[in-house]
Amino acid sequence: MHVDVAVVGGGPAGAAAAITLARAGRHAALFDKATFPRDKCCGDGLTAGALRELESLGLDPAAVGSWRQVDDVVVRSPSGLEVTLPLPRGQGCFAAVARRVELDAALLDVARDAGVEIHDGHPVIGLAQDAERVTLTVEGVGTVTAPYVIAADGMWSPVRKLAGVAEAGYLGEWHAFRQYFEHVGPAAASRLYVWFEPDLLPGYAWSFPLPGDRANVGFGIARAGGKVERVQDMKKLWPDLLARPHIAGVLGAGARAEAPHKAWPIPARIDRAVRHEGRVLFAGDAVAADDVLTGEGIGQALLTGRLAAEAVVASGPDRPGEAIAAYDRAVDHHLLADHRMSALLQRALRHRKGARLAVWLAGLSPWTRRNFARWLFEDYPRAVVATPRRWRRAMFTGPGAFRAASRHESRQPTGPG
Ligand SMILES: Cc1cc2nc3c(=O)[nH]c(=O)nc-3n(C[C@H](O)[C@H](O)[C@H](O)COP(=O)(O)OP(=O)(O)OC[C@H]3O[C@@H](n4cnc5c(N)ncnc54)[C@H](O)[C@@H]3O)c2cc1C
């Protein structure tokens with residue numbers, strides 16, 4: 001099989017790349033080792049940045065059964081100071097939660113409708129490249145040639161290994177646990193909670209609301225410089241965290257785990273990751289694009305997938321040097337300053353004082369509460385203040401995503417208090 005671009009991985013990065021390519025008239029084939037719908041261990045939280053990308057890709061939230069818009073975020077400092085941060089009402093969606101098993105399958109449906117050839121259940125097991133093309137070996141499909149490959153195959157990126165640019169022993173910057181709960185109380189069912197626990201800093205625990213009195217509950221730790229660094233210690237900590245009165249109180253007495261917990265690493269070093277090798281461009285977790293402050297990576301996966309596709313489309317099949325230079329420029333422009341800002345803030349959050357100060361500042365006034373929530377959920381870039389080249393009109397007052405889909409706002413139950 002010969003295609004214009006072969007995309008490896010059908011998560012948000014691969015789907016965004018494939019949809020962008022198909023819409024630009026390129027013959028794109030996408031390969032994933034999993035058969036969809038497939039789960040991905042994740043908090044399922046969608047930032048404003050992710051929502052805007054999803055909207056422009058043409059995703060309809062109604063196609064995702066577990067879609068839940070979030071209007072209120074509650075942040076708790078290590079000393080117990082709790083601040084409620086309201087997101088703007090009636091102006092579209094600034095934060096949402098959607099189970100990855102449904103979200104990723106719905107995105108692949110968008111890709112299929114756009115004309116992408118999808119081969120799920122077919123792992124890529126071999127790669128070779130010369131000056132003109134990349135040749136993939138795909139189990140159950142055979143040999144696939146293409147001028148470019150976009151590798152969106154996740155944290156462990158087999159393509160990175162096949163291309164010879166994987167770093168031995170790399171385990172990611174974060175490691176995170178998640179577990180689904182049902183029959184949660186009204187607080188967990190309606191609000192998004194972030195708990196800065198003293199023993200997790202600069203990591204945190206969360207409860208993200210899902211429809212039907214369910215919640216995605218979990219916690220993440222920083223691998224280097226955090227207080228809990230070993231995955232074995234995380235396992236022991238999980239029941240202890242769930243029993244802490246402020247967490248147990250939010251989940252409610254009737255909360256029951258739906259399934260065993262899962263854990264997965266989070267790569268967050270876009271400043272150092274190898275972004276391409278020959279005619280292969282890496283995107284999403286495969287290029288370690290996650291936010292080092294929060295561990296969020298869906299928005300960055302959608303963005304880098306799109307940017308890789310745009311670079312390839314603009315450069316054409318015969319100018320790989322231009323394609324990778326364009327991709328580098330775009331990634332630098334969109335992510336580098338924010339990564340540096342996140343790394344700085346993460347350092348401040350390592351200490352109780354830093355985390356306490358951040359929550360206190362966030363709660364100072366209605367203005368700080370509103371804007372901290374929008375900043376935290378990446379309504380505008382993390383380091384926007386330091387990068388005037390990215391300023392645009394109404395960036396602090398613009399609407400959220402899916403403004404027209406008001407039916408999703410109206411079906412939300414009201415929260416407590
Ligand atoms: C516990 C946890 C909580 C998180 N919470 C959030 C959150 O709330 N919000 C947020 O924005 N981010 C969150 N993240 C990060 C987010 O999950 C990732 O950044 C995101 O999934 C990256 O998307 P991706 O498309 O790059 O990779 P993935 O979603 O991992 O997709 C990679 C795909 O590649 C496929 N693949 C792998 N090997 C092969 C192969 N050999 N051949 C073909 N296909 C292959 C896989 O099957 C998979 O479908 C969390 C992560 C963890 C671990």
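In each ligand, atom 1 is the first atom listed, and ligand 1 is the first ligand listed.
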Exercise for the section: Decide whether a cation-pi geometry holds between Arg76 and Phe196; the criteria are a distance under 6.0 Å from NZ or CZ to the six-membered ring centre and an angle within 45° of the ring axis. Expected result: no

Exercise for the section: Would you mind running through ligand 1 and noting each atom that sits below 4.0 Å from a heavy atom of Phe31? Expected result: 43 (C), 44 (N)

Problem - Closest protein heavy atom to atom 20 (C) of ligand 1, given as residue, atom name and distance to 0.1 Å - result: Arg100 NH1, 3.7 Å

Completion exercise
heavy-atom search around atom 22 (C) of ligand 1 in the protein gives Asp285 OD1, 3.2 Å

Exercise for the section: Measure the distance from atom 52 (C) of ligand 1 to every protein heavy atom, then report the residue, atom name and distance (to 0.1 Å) of the closest one. Expected result: Cys41 O, 3.4 Å

Fill in the blank from the handout: Closest to atom 3 (C) of ligand 1 among protein heavy atoms sits Gly43 N, 3.0 Å

Problem - Per-atom contacts of ligand 1 with Ala152, taking only distances under 4.0 Å to non-hydrogen atoms - result: 32 (C), 33 (C), 34 (O)

Fill in the blank from the handout: ligand 1 to Arg38, heavy atom cutoff 4.0 Å, flagged ligand atoms 29 (O), 31 (O), 48 (C), 49 (O)

Handout entry: Face-on cation placement of Arg99 at Tyr180 ring, 6.0 Å and 45° thresholds
Key = yes

Fill in the blank from the handout: The closest protein heavy-atom partner of atom 8 (O) of ligand 1 is Gly45 N, 2.9 Å

Practice task
Specify the protein heavy atom at minimum distance from atom 33 (C) of ligand 1: its residue, its atom name, and the distance to 0.1 Å.
Solution key: Asp32 OD2, 3.5 Å

Practice task
For atom CH2 of Trp264, decide whether the heavy atoms of other residues, nucleotides or ligands shown that lie under 6.0 angstrom number more than 12.
Solution key: no

Problem - Ring centers of His122, Phe31 separated by less than 6.0 Å - result: no

Exercise for the section: Could you go through the salt bridge (Lys or Arg N to Asp or Glu O under 4.0 Å) check for Glu167 and Arg269 one step at a time? Expected result: CA-CA 13 Å; Glu167 182 186 311; Arg269 54 169 184 181; 3.1 Å; yes

Exercise for the section: Starting from atom 44 (N) of ligand 1, find the nearest protein heavy-atom neighbour and note its residue, name and distance. Expected result: Lys33 N, 3.1 Å

Completion exercise
closest protein heavy atom to atom 37 (C) of ligand 1 is Asp153 O, 3.5 Å

Problem - Val97 vs Val70 side-chain heavy atoms within contact, under 4.5 Å - result: yes

Problem - N-O pairing of Arg275 and Asp328 below 4.0 Å - result: yes

Completion exercise
Closest to atom 40 (C) of ligand 1 (heavy atoms only, candidates Thr47, Asp120, Val124) is Val124

Exercise for the section: Ignoring hydrogens and angles, state whether a donor on the side chain of His339 or Asp271 is under 3.5 Å from an acceptor on the partner side chain. Expected result: yes

